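Everything on this sheet refers to the single structure shown next.
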Amino acid sequence: MEKEFNVTGSCNPQKHYMVDIAHKFDEVMKLIEKGKYFTINRPRQYGKTTMLNMLFNNLSKNEYLTIFLSFEGVGDIIFENESAFSAAFVRMFLRELNSLSQKITDDFSKCALNVSNLETLSEAVSIFARELGKRIVILIDEVDKSSNNQLFVSFLGMLRDKYLRRDRGEKTFHSVVLAGVYDVKSLKLKIRKDTETKLNSPWNIAADFNVDMSFNPAEIKTMLVSYAKDKKVKMDLNAISNRIYYYTSGYPFLVSKICKNIDEEEAGQNPDFNPKHWRLEDVDWSFRWLTRPMYTTTNFDDMIKNLENNKDLFALVRAVSVEGKEVSAAADNPVVNLGITYGILSANEDKIVVSNRVYEQRIATYMQSKQETSELKDCS
Ligand SMILES: Nc1ncnc2c1ncn2[C@@H]1O[C@H](COP(=O)(O)OP(=O)(O)OP(=O)(O)O)[C@@H](O)[C@H]1O
Ligand SMILES: [Mg+2]
């Protein structure tokens with residue numbers, strides 16, 4: 001199958017030109033081998049699901065039993081009560097096991113016969129983990145879609161309690177990996193409705209996730225090497241990788257998008273383009289094409305939605321980008337932290353900056369237009 005650059009959904013090495021993320025993968029594997037519970041918390045389209053897929057494919061070949069769950073699109077009904085949630089969890093778990101082995105599926109079915117709430121679900125997990133004799137790793141994607149939900153938070157609390165008791169011999173999941181934009185560790189919610197309001201994180205056992213998921217120029221080069229070889233395209237690989245990094249700061253979606261534009265769109269737009277020889281000017285063209293004011297894509301839509309939905313964040317981004325104000329990089333300041341969480345801002349030494357030149361350009365166009373339309377309102 002002919003490969004292409006991918007900008008929609010997770011990447012598949014059979015179908016897509018990809019940056020080699022082996023180093024990142026090794027770092028994540030170390031956390032799993034150590035039995036850590038953690039969240040891959042990174043902005044939208046930052047390679048989270050691609051990483052989970054890679055973990056799933058590799059862990060399953062080793063001594064782990066790996067379950068990959070996503071709560072995306074499961075509907076609200078399962079969150080109505082503990083019984084519905086526990087039953088749904090068992091169903092999802094069985095569905096995943098079913099694709100692995102009939103025997104393991106039957107074993108879990110037996111353990112889960114009496115599951116009717118989180119407590120009995122917890123017991124079923126313990127019995128299953130003890131009898132299986134294999135380490136179980138659970139990967140849960142799109143946790144943001146559920147983490148505003150009390151029951152999901154209680155479920156995380158259940159996992160935490162089991163984690164805390166494993167030193168006392170309780171069997172549970174060896175490692176739990178969540179993926180989402182927010183750091184679930186910092187969720188501050190009450191654990192149980194029926195007890196006093198307890199400000200507590202359901203996930204305060206989670207290890208920090210410090211793996212750099214952005215692509216450095218050397219990593220970007222790995223994708224260009226496979227493309228250039230495959231399509232017999234000439235280019236100065238180091239110079240082009242550096243130029244792509246210059247515009248994107250290694251944001252995975254933007255890196256793939258810049259390349260896709262050149263590969264698939266430039267020929268139709270730029271008469272000077274030679275598809276068999278990429279030059280630095282082509283990267284410049286791709287940047288201009290991506291930031292043209294009347295083009296948008298879900299990644300930009302999300303960024304703008306985040307600015308429109310939070311006045312403080314809007315003011316901060318405007319101060320940094322338009323007014324050139326210096327703002328300290330302080331992760332303890334919630335609005336600064338939020339800007340970084342969304343991938344709009346990043347820390348450059350001890351100051352806050354817009355995280356890449358593509359966003360800088362998009363934000364400049366957006367802020368100018370907002371200014372123009374607000375002046376219209378002032379005149380009326
Ligand atoms: N290894 C890679 N090589 C090249 N591009 C990549 C790679 N990983 C991710 N990307 C780019 O990032 C995009 C998003 O990838 P993925 O769906 O894995 O991210 P995500 O963080 O799960 O996104 P979302 O927040 O939307 O769930 C891909 O469509 C692709 O453009
Ligand atoms: Mg994803």
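These figures come from a predicted structure and were not determined experimentally. Indexing begins at 1, ligand by ligand and atom by atom, following the structure's order.
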Minimum distance, heavy atoms only, to [atom]: which one of [options] is it?
| atom | options | value |
| --- | --- | --- |
| atom 26 (O) of ligand 1 | R44, H16, K257 | R44 |
| atom 16 (P) of ligand 1 | N6, L254, T50 | T50 |
| atom 25 (O) of ligand 1 | M213, R42, K48 | K48 |
| atom 9 (C) of ligand 1 | P43, P13, G47 | G47 |

For ligand 1, which atoms have a heavy atom of [X] less than 4.0 angstrom away?
| X | answer |
| --- | --- |
| I21 | 1 (N) |
| V19 | 1 (N), 2 (C), 3 (N), 4 (C) |
| S10 | 16 (P), 17 (O), 18 (O) |
| F253 | 11 (C), 12 (O), 31 (O) |
| V7 | 29 (O), 31 (O) |
| E142 | 27 (O) |
| Y46 | 19 (O), 20 (P), 21 (O) |
| C11 | 5 (N), 6 (C), 7 (C), 8 (N), 9 (C), 10 (N), 28 (C), 30 (C) |

Aromatic centroids of F300 and Y366 separated by under 6.0 Å: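 No, too far apart.
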Centroid-centroid under 6.0 Å between Y227 and F5 rings: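 Close enough - the centres of the two rings lie under 6.0 Å apart.
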Residue and atom name of the nearest protein heavy atom (relative to atom 4 (C) of ligand 1), distance in Å to one decimal: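 Closest protein heavy atom to atom 4 (C) of ligand 1: S256 OG, 3.3 Å.
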Protein contact of atom 14 (C) of ligand 1 - nearest heavy atom, named by residue and atom, plus distance: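 Going by distance alone, atom 14 (C) of ligand 1 is nearest to Q45 CA, 3.7 Å.
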side-chain contact (heavy atoms from CB on, under 4.5 Å), paired with I363, selected from I344, V322, V358, V320: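 For I363, the side-chain contact (heavy atoms from CB on, under 4.5 Å) test succeeds with only one of I344, V322, V358, V320, which is I344.
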Positive for side-chain contact (heavy atoms from CB on, under 4.5 Å) with F173, one of V125, L65, V137: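 Among V125, L65, V137, the one that satisfies the side-chain contact (heavy atoms from CB on, under 4.5 Å) with F173 is V125.
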Does [X] pair with [Y] as a salt bridge, N-O distance under 4.0 Å?
| X | Y | value |
| --- | --- | --- |
| E4 | K15 | no |
| K305 | D301 | no |
| K260 | D263 | no |

Contact check: Y17 vs ligand 1, nitrogen or oxygen atoms, below 3.5 angstrom: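 Such a contact does not occur with ligand 1.
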Geometric N/O contact G9 with ligand 1, under 3.5 angstrom: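 Yes, since at least one N or O of G9 sits under 3.5 Å from an N or O of ligand 1.
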side-chain hydrogen bond (donor to acceptor under 3.5 Å, both in side chains) evaluation trace for T49 with D141: CA-CA 7 Å; T49 305; D141 203 1; 2.7 Å; yes
Straight-line distance of N337 CG to Y342 OH, nearest 0.5 Å: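 Going from CG on N337 over to OH on Y342, the span is 10.5 Å.
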Gap between atom CG of L338 and atom CG of D312 - 0.5 Å precision: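 Going from CG on D312 over to CG on L338, the span is 9.5 Å.
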T8, portion touching ligand 1 at heavy-atom distance under 4.0 Å: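 Backbone only; the side chain of T8 stays clear of ligand 1.
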Residue pair R318, E323: steps toward the salt bridge (charged side-chain N to carboxylate O under 4.0 Å, His left out) verdict: CA-CA 7 Å; R318 191 178 53 193; E323 296 157 19; 3.5 Å; yes
Residues, nucleotides or ligands: over 12 heavy atoms within 6.0 Å of E264 CD: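 More than 12 within 6.0 Å, yes.
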F215 to ligand 1, any heavy atom closer than 4.0 Å: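 Checking ligand 1 against F215, which is what was asked, there is a heavy-atom contact under 4.0 Å.
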2.8 Å cut-off met by an N, O or S atom of Q45 to the Mg ion (ligand 2):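 For Q45, the answer is no, given that no N, O or S atom comes within less than 2.8 Å of the Mg ion (ligand 2).
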